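Every value quoted in this text rests on a predicted model; they were computed, and no experiment measured them. Every chain is numbered from 1, with letters handed out A, B, ... down the list of sequences.
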Amino acid sequence: MSLDKNGIAKRIAKELRDGIYVNLGIGIPTLVANYIPEGMNVVLQSENGLLGIGPFPKEDEVDPDLINAGKQTITYQTGASLFSSADSFAMIRGGHIDLTILGAMEVSENGDIANWKIPGKMVKGMGGAMDLVASAKNIIVAMQQVDKYGKSKMLKECSLPLTGVGCVKKIVTELGVYEVLPEGGFRLLERAPGISVEEIVAATEGKLIVGEDVPEMVI
Amino acid sequence: MINKVVSGADEAVADIFDGAILMLGGFGLSGIPENCIAALVRKGVKNLTCISNNAGVDDFGIGLMLKQHQVKKMISSYVGENKEFERQLLSGELEVDLIPQGTLAERVRAGGAGIPAFFTPAGYGTEVAEGKEVREFEGKMYVLESWLRADFAIVKAWKGDTSGNLIFRGTARNFNPMMATAGKITIAEVEELVPVGTLDPNQIHTSGVFVKRIFQGKDYEKRIEQRTVSS
């Protein structure tokens with residue numbers, strides 16, 4: 001069975017390591033925060049100027065001066081720190097954030113990502129996505145592998161305006177986990193429970209590399 | 001110490017002219033200069049270029065100025081929460097320049113710091129880099145971006161003193177400190193204005209040297225866009 005959004009988030013949470021600093025994008029990536037393994041110390045960065053995002057506040061703790069990049073009210077994690085937007089992006093571009101997890105409309109087999117603009121539709125802006133993808137040491141994309149018209153989002157080349165080039169390292173979709181190879185191509189690492197390699201081949205337009213006995217993911 | 005206190009928002013924005021380039025602090029609706037925006041709406045000044053990370057919502061923040069057709073151009077990173085903005089953009093009444101958020105922050109910082117341009121990796125290989133110089137440093141490609149400066153920078157702080165020293169609170173800091181440095185005239189509205197000497201110098205985020213006018217704002221609404229709570 002293909003994974004739902006929480007399933008994708010749960011699988012991505014297995015990529016977290018103790019003591020890392022992580023920036024989570026809006027959508028499925030935000031859900032990853034719910035699945036950080038017990039006892040693991042992960043510090044979440046919010047690009048509007050906070051390192052150490054805590055859970056949503058209780059009703060009586062809501063503070064308009066404390067929001068995340070999705071404009072949601074949040075709390076401080078123990079040990080949190082505050083800074084300006086310039087310092088925030090110094091952290092990001094300076095390579096001090098270990099992992100960025102974000103959504104995508106398309107990813108190409110050489111790791112290009114498109115996630116900010118659809119020609120002909122109202123363009124809302126790229127926010128911090130271009131800075132993040134140009135800078136993070138490790139970028140994992142969380143997305144549905146096929147769009148609502150059944151078209152693959154893992155492509156030979158992106159058709160939409162790009163957010164960044166050659167930057168995506170790993171992709172987790174409802175069907176599988178993929179490594180984007182430096183020489184180009186999506187290497188299938190794991191299948192979602194009950195999903196066949198044939199189904200994955202059918203949902204991938206770009207170059208797919210399938211080894212023998214691709215394991216089912218354990219989540 | 002130099003006294004920079006003005007009576008309120010109307011006096012603070014009195015000389016903002018038609019066609020001025022403004023910077024307005026805030027991220028979403030957090031840390032926006034509510035009092036000065038209201039005064040600009042009352043004043044009815046037009047053809048403004050507004051440099052601000054976001055453009056408010058339909059009935060709050062910069063959205064109030066958009067509704068009165070006071071804004072000619074927005075320079076922002078994300079403008080998603082505003083129907084009137086969308087309408088004016090699609091009808092060609094409003095120009096918009098969308099900039100990666102970190103590039104926007106750094107261009108403002110550079111403007112205040114006297115750095116006319118810098119190289120950033122953000123946007124390389126995308127339409128953001130079109131027409132701009134790109135250069136390789138140690139095997140990676142970077143895009144040349146220029147500074148941003150404004151006729152007036154309008155910021156909001158939590159506390160300030162009569163000589164213009166500012167302290168921000170929580171994530172309401174965001175773009176405010178850089179913008180405070182990048183205006184020919186910087187106006188600060190604060191929730192609490194205290195006599196000089198009251199604030200601990202160790203705690204000051206923005207030095208008074210950057211601030212020309214300061215006043216204690218009133219009736220802060222501090223609207224929340226996404227009230228998310230846990231049970």
Mind checking the CZ-OG spacing from B:Phe175 to A:Ser88? Nearest 0.5 Å is all I need.
9.0 Å
Between B:Gly31, B:Gly170, B:Ser231, B:Ala172, which has the largest tally of heavy atom pairs under 4.5 Å with chain A?
B:Gly170
Out of A:Gly70, A:Ser84, A:Gly49, return the one with the most heavy atom pairs under 4.5 angstrom to chain B.
A:Ser84
Mind checking the CG-CE spacing from B:Leu98 to A:Met130? Nearest 0.5 Å is all I need.
9.0 Å
Whether the side chain of B:Ser30 engages the backbone of A:Pro64 through a donor-acceptor N/O pair (distance < 3.5 Å, no angle test) should be reported.
yes
Under 4.5 Å between any side-chain heavy atoms of B:Arg227 and A:Val62, yes or no?
yes
Can you find a pair of side-chain heavy atoms, one from B:Ile224 and one from A:Gln72, that are under 4.5 Å apart?
no
So, the part of A:Ala80 with a heavy atom under 4.5 Å from chain B: the answer is neither
Shortest non-hydrogen pair, B:Pro100 vs A:Asp131, comes out as CB-OD2, 3.4 Å
List the atom of B:Gly125, the atom of A:Leu162, and the distance in Å for their closest heavy-atom pair.
O-CD1, 3.7 Å
Do other residues, nucleotides or ligands put more than 12 heavy atoms under 6.0 Å from B:Lys140 NZ?
yes
Among residues 100-125 of chain A, residues within the sub-4.5 Å heavy-atom range of chain B, in order of number, are A:Trp116, A:Lys117, A:Met122, A:Val123, A:Lys124, A:Gly125
If you tally heavy-atom pairs under 4.5 Å between each of A:Leu132, A:Asn48, A:Val165, A:Thr163 and chain B, the highest tally belongs to A:Asn48
Side chain / backbone / both / neither for B:Ser76 at chain A, heavy atoms under 4.5 Å
neither
For A:Leu66, is it the side chain, the backbone, both or neither that has a heavy atom under 4.5 Å from a heavy atom of chain B?
both
Mind checking side chain to side chain donor-acceptor pair (under 3.5 Å) for B:Glu133 and listing every partner two or more places apart, or none if nothing turns up?
B:Arg135
Residue-level interface, residues 3-33 of chain A with chain B, non-hydrogen cut-off under 4.5 Å
none
Taking C-beta and beyond as the side chain, do A:Lys71 and B:Tyr78 meet within less than 4.5 Å on heavy atoms?
yes
Contact part of A:Glu47 toward chain B, heavy-atom cut-off under 4.5 Å: side chain, backbone, both or neither?
both
Select one option (side chain, backbone, both, neither) describing which atoms of A:Phe56 are under 4.5 Å from chain B's heavy atoms.
both
OG1-CZ distance between B:Thr171 and A:Phe83, expressed to the nearest 0.5 angstrom:
10.0 Å
Pick from A:Val133, A:Ile67, A:Leu50 with the largest number of heavy-atom pairs that fall under 4.5 Å of chain B:
A:Ile67
Which one wins on heavy-atom pair count under 4.5 Å against chain B: A:Pro161, A:Ala134, A:Ser85?
A:Ser85
Could you pull out the closest heavy-atom pair between B:Thr103 and A:Arg93, with the gap in Å?
N-NH1, 4.1 Å
Segment of B:Val96 engaging chain A (4.5 angstrom heavy-atom cut-off):
neither
Check the surroundings of atom NZ in B:Lys184: do more than 12 heavy atoms from other residues, nucleotides or ligands lie under 6.0 Å from it?
no
Contacts of type side chain to side chain donor-acceptor pair (under 3.5 Å), residue A:Tyr178, not counting sequence neighbours:
A:Gln145
Hey, could you give me the NZ/OG distance between A:Lys58 and B:Ser230, rounded to the nearest 0.5 Å?
4.0 Å
Toward chain A, the part of B:Phe85 with a non-hydrogen atom under 4.5 Å
side chain
Most heavy-atom pairs under 4.5 Å with chain A, out of B:Thr126, B:Leu104, B:Val128, belong to B:Thr126
Does any heavy atom of chain A fall under 4.5 Å from the side chain of B:Asn176, the backbone, both, or neither of them?
neither
Other residues, nucleotides and ligands only: do more than 12 of their heavy atoms fall within 6.0 Å of CD on B:Glu127?
yes
Chain B contact via A:Pro55 - which portion, at a heavy-atom distance below 4.5 Å:
neither
So for B:Arg169, is it side chain, backbone, both, or neither that comes closer than 4.5 Å to the heavy atoms of chain A?
both
Given that the side chain runs from C-beta out, which part of B:Ile99 has a heavy atom under 4.5 Å from chain A: side chain, backbone, both or neither?
backbone
Looking at B:Ala55, B:Gly80, B:Gly102, B:Gly28, which makes the most heavy-atom pairs under 4.5 Å with chain A?
B:Gly102
Quick check: are there more than 12 heavy atoms from other residues, nucleotides or ligands sitting under 6.0 Å from NZ of A:Lys137?
yes
Testing B:Arg173, B:Lys156, B:Lys222 for salt bridge (Lys or Arg N to Asp or Glu O under 4.0 Å) with A:Asp65, which one passes?
B:Lys222
At a heavy-atom separation under 4.5 Å, does B:Glu191 approach chain A through its side chain, its backbone, both, or neither?
side chain
What pair of heavy atoms forms the shortest contact from A:Ala86 to B:Glu106, and how long is it?
CB-OE1, 4.5 Å
